[in-house]
Amino acid sequence: MRFVEKKDKNNNTISELDSSTSEGQGPQEVLPKDEAEDLRQALAAKTEEAQATQDKYLRLAAEFENFKKLSLKEQREHTRFATESILKELLPIVDNLERAIRSAADSPAGNGLIQGVELTLKQFQETLAKFGIKPIASVGQPFDPACHQAVTRVESATAADNTVVEEFQKGYRLHDRVLRAAMVSVATSPAERQGTASAET
């Protein structure tokens, strides 16, 4: 009899646990109406902000593309007309050459042509100097392979060895850069020539 009572007591305990568990399970927690509305408004604001950022990015991308196209166009124009200023300076020289030719035709002696060409050459040299183009000193200078191109070597008893004694074509510098090397003849001492010949034999 006592065993049965103990069993009933255990059954009641389990029932109580089941009822307490079922009571704990209720409907899920629902946000208050005001809080839900605030969240919807915050979401709408963030969505609008993201859309505005996207639109701003698209505008900037379009502006950058237009800027790039404009820069390329300006670069092409600059490359095409980069020599415009120097060409304007050369036109008066062409005019002087034409005048010299007309003067030579009117003067059988040809003195007018020589004077006209000399004047034109001087003007041309001044124009080149204005744009940073200057001749390279050659005759009497030590041979420098950076700005001289040796065409021949000649024996000389008066000029120092490895010195430029003759210039066949003038060289020029553009600022500090060699625009064209001078074509020159370089002196060599007779003793060096004899030593070279002995070595070859």
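Along the sequence shown, the residues carry numbers beginning at 1.
- Remark: Arg40 CZ to Thr47 OG1 distance equals 13.5 Å, nearest 0.5 Å.
- Under the 4.5 Å side-chain heavy-atom criterion for grouping Ile, Leu, Val, Met, Phe, Trp and Tyr, Ile93 is connected to Leu128 within one hydrophobic cluster.
- Taking CG from Leu179 and CZ from Arg173, the interatomic distance works out to 11.0 Å, rounded to the nearest 0.5 Å.
- Side-chain atoms of Leu121 and Glu118, non-hydrogen and from C-beta on, never get closer than 4.5 Å to each other.
- Counting non-hydrogen atoms of other residues, nucleotides and ligands closer than 6.0 Å to CZ of Phe124 gives a total of 12 or fewer.
- Within a 6.0 Å sphere centred on CD of Gln41, heavy atoms belonging to other residues, nucleotides or ligands number more than 12.
- In this structure, the side chain of Arg180 engages the main chain of Lys170 through a donor-acceptor pair within 3.5 Å.
- Going from atom CD of Glu155 over to atom CG of Asp161 covers 11.0 Å, rounded to the nearest 0.5 Å.
- Between Val186 and Asn162 there is a side-chain heavy-atom pair separated by less than 4.5 Å.
- Note that CD of Glu74 and CZ of Phe67 are 8.0 Å apart. Values are rounded to the nearest 0.5 Å.
- Closest approach of Gly171 to Ala182, counting heavy atoms only: N-CB, 3.4 Å.
- With contacts defined as side-chain heavy-atom distances shorter than 4.5 Å, the pair Glu166/Phe168 qualifies.
- Heavy atoms of other residues, nucleotides or ligands lying less than 6.0 angstrom from CD of Glu77 number more than 12.
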Residues 132-151, side-chain donor-acceptor partners within the protein, below 3.5 Å, at least two apart:
from: Ser138; atom 1: OG; to: Ile136; atom 2: O; distance (Å): 3.4
from: Ser138; atom 1: OG; to: Glu167; atom 2: OE2; distance (Å): 3.0
from: Asp144; atom 1: OD1; to: Ala146; atom 2: N; distance (Å): 3.0
from: His148; atom 1: ND1; to: Asp144; atom 2: N; distance (Å): 3.0
from: His148; atom 1: NE2; to: Ala137; atom 2: O; distance (Å): 3.2

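- For Ser185, the side chain to side chain donor-acceptor pair (under 3.5 Å) criterion is met by Thr152, not counting sequence neighbours.
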